[in-house]
Structure formats: C-alpha cells, structure tokens
Amino acid sequence: MKIKRIYKTRIHNIHKDNITFGNYYSDHMFYAECQNGKWINSVIKPFDNIILSPRSLVFHYGQAVFEGMKAFKDQDENVFLFRPKENFKRMNRSAQRLEMPIIPESIFMNGLERLIDIDRKWIPKNYGQSLYIRPFFIAVDGILSAKPANNYIFMIISTPVGSYYQHPLKIKIEEQYSRSASGGVGFAKAAGNYASSFYPTRLAKEEGFDQLLWTDSSTHTKIEESGTMNVCFLINNKLVTPKFNDNILKGITCTSILALAKKHGVEVQERDVSISEIIYGLKKGIVQEAFGCGTAVVINYFQMIGYQKHKFCLPKLPDKNRLSIWLKKQLLDIQHNLSDDPFDWRVNLKKF
Ligand code: PLP
C-alpha cells in the first residue's frame, strides 16, 4: 500500500473541548479501487475531494453501502478499535445485497489499521470521546444504465466525535412511512435507507420529536428500530429488543449490550415487540426504561414516546437507577480500556 503523508496537519484547527459530531475530518483517508473484480491502487493519502464523472452509477442508481465504527484511546494513549471485524462482515453483507463485489479482509483491515495509526493523534482522549470511522463503498462506472457496476471505490475517512445527542430523546411511533420492508435492504447499511428516512423524520421533528420509532411496513404494529439506533425496553426487569430480521440493521452496539446485560444476570429477550404491548406497559408503568443504542449515540434513553395523538412519558429515574446508564458505562469502560474485556472486543492497534 502506498502512503502519501500530509505536508502540514490540520489538527491544531480543532477545539478539543467542543467536539461535535462530524465537524472535523482527520488528515488522511484510505482509498482503493476495484476494477472488474481486481483490487488496485490502495493508498493512504491526504484527505481531499475526489473527482467522479457525473455519469457515475452511484449518483443515479444508489449502489452505495457504508459502515460506522470507532477508535478509542486509554489514559496511556494506547489505541483500540471496537469489534472491527463485525463491521467488516456487515459491510460485505450489505455489499452482497446490493450486488457489489466482496471487499477482501486484507484491504479493509490493512486500510483501516494503517489509516488510524497514521491519524492516531486525531483520537480524542476524554471519556466518551472517540474517532468515528466511516468506511464506504460506491459504484463509479460512468454509464447511465441501471445495472451493477464493474468499477468501485472503497474509502475510509474519520472524524473525532463526542456525544451525538446531548439530551434524552422524544420518539414518535411511525405508522405511515416505512424505513424498510420484508425482502428489502433494511438489514443492510445501504445509503438509500437513510435518504428515504429523512422526510418522515423531518415531519416528526416539526411535531417536536427527536426521532422516529419505525414499525413493520406490512402491519405497522411491530416495533423495529429508531433513526440510526436499535431499541431496547426494560419491561418488568427484562431487557427486551425487537428480534433482528431482514428489516432491521443488526447493531454491533446492541448485540454487545445484550451480551453485557446477560453476563450481569439481566434476563434478555429478543422477540417481537408490539406497539400495543409498549403502550399498555407505559400506561401501567411496567415499561421502566426505553433506549436507543448504536455506534454514534452509544446509548441514549427515551424520555417520551408519541403514539398517534398521545404522548407517553417514561418514568423519571435518577441516572444511578437506570440500567441504560449502567450499561453505557460498562461498554465505555471496555472501549476505553478501563475494565476487563471478557468478550475480546478490543483490538489494540499496533504502531506500524
Ligand atoms: N440501525 C441503524 C439503521 C443504523 O444506522 C445503526 C448504526 O449503524 C444502528 C442500527 C446501530 O448499529 P451499530 O450499533 O452497529 O452502530
């Protein structure tokens, strides 16, 4: 792999105490091409614009998938990736569904590790802060023809981040629009899934909500996920999450949280979760907590759930009594190398 280093770092432009999501991008990016199934031109180079033909297939037919993952620092400036192989595998599941080539593990992992090593000074050290890493894969054939491309670009960029949301969330149960449908691409991290969610999310924001809670497209009775988060409910002291199916993106954060909860003796259920169960539980006070989880947000609890014309408030608990806050700390402690790593999730990034 070729490495072209920047002439002068931009890191001094960032205000370390005021890092919001996606404001600054690190000095370098990874770039590789796949031409007719052959991987060529792997390079780490200064972060910059790329030039594409206006005919590029990605602009017209949306053949694009991506990932989201994080690198963390501990107090001694060691750097850790969190479960990167899971992102690698999910990226290829997404690529396969969009009829794109498989990305070799060596391209993904070498590109990732070399890039993060070169830009390690961009990883913030404070608890809860990290370097958010965005691998993405796009079709670049210059032809206006609705068929899979022969030529692709795979890139990785990164951005130092703090908290995604600064407050507990107000969530609206969506009954008209759908994020995904059975047999579709909901389980994939396909770019178009996000574009199609923007309009209904904007409508919910205009009503005062932060996010939507998606329901199944055929009956709108079963809960799926929310924004870029999987969702969990604490019902009668059991941690319940909608069973992963082809409508739902199987989150690495959610599966990690479920494993942590189980390990600490919490009963975990992956099963269908109906709107009626949640509304009944909210009315009766049986739903103790509800929260979203994902790489960007880590864990963010819900303060209110809107359903039709009604707004249901979740119990107001002190943070010390919240399972969601406790789980978030367990996860962040592992990510920042402050506790044991019983599941071997941390990958210590070597210095090249
Ligand atoms: N659901 C959707 C639609 C997402 O975009 C994400 C974020 O990647 C998640 C769930 C959570 O997944 P993960 O925990 O792997 O970030």
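In listed order, ligands and their atoms are each counted from 1.
Surrounding NZ of K243 are at most 12 heavy atoms belonging to other residues, nucleotides or ligands under 6.0 Å away.
Because its NZ or CZ atom is both nearer than 6.0 Å to the ring centre of Y31 and within 45° of the ring axis, K45 counts as a cation-pi partner of that residue. The side-chain tip of K328 does not point at the ring of F291 from less than 6.0 angstrom away and within 45° of straight on. The side-chain tip of R114 points at the ring of F352 from less than 6.0 angstrom away and within 45° of straight on.
For the residues F66, F187, Y194, the heavy atom positioned nearest atom 5 (O) of ligand 1 is part of Y194. Remark: among candidates I252, L249, N230, N193, the nearest residue to atom 4 (C) of ligand 1 is L249, based on non-hydrogen atoms.
In R179, the part holding a heavy atom less than 4.0 Å from any atom of ligand 1 is the side chain. Residue E86 does not touch ligand 1, judged by heavy-atom distances below 4.0 Å.
The distance from ligand 1 to the heavy atoms of R90 drops below 4.0 Å at these ligand atoms: 12 (O), 13 (P), 15 (O). Listed by number with element, the atoms of ligand 1 under 4.0 angstrom from any heavy atom of E225 are 1 (N), 2 (C), 3 (C), 10 (C). Set against the non-hydrogen atoms of T295, the atoms of ligand 1 under 4.0 Å away are 13 (P), 14 (O), 15 (O), 16 (O). Per-residue contacts place G294 under 4.0 angstrom from the following atoms of ligand 1 (heavy atoms of the residue considered): 11 (C), 14 (O), 16 (O).
Heavy atoms of S226 come nearer than 4.0 angstrom to ligand 1 in no pair at all. Ligand 1 lies less than 4.0 angstrom from a heavy atom belonging to K189.
A salt bridge is defined here as a Lys NZ or Arg NE, NH1 or NH2 lying under 4.0 Å from an Asp or Glu carboxylate O, and E67 with R134 fails to meet this definition.
Between T253 and ligand 1, a contact under 3.5 Å exists for at least one N or O pair. Taking distance alone, with nitrogen or oxygen atoms compared against 3.5 Å, G251 stays at or beyond that limit from ligand 1. Taking any N or O of T228, backbone or side chain, none lies under 3.5 Å from an N or O belonging to ligand 1.
In this structure, the ring of Y127 has its center less than 6.0 angstrom from the ring center of H336. Ring pair Y152/F137: centre-to-centre distance below 6.0 Å.
Under the 4.5 Å side-chain heavy-atom criterion for grouping Ile, Leu, Val, Met, Phe, Trp and Tyr, L323 is not connected to F302 through any hydrophobic cluster.
The side-chain contact (heavy atoms from CB on, under 4.5 Å) with F82 is formed by just one residue from the set T295, L331, V347; it is L331.
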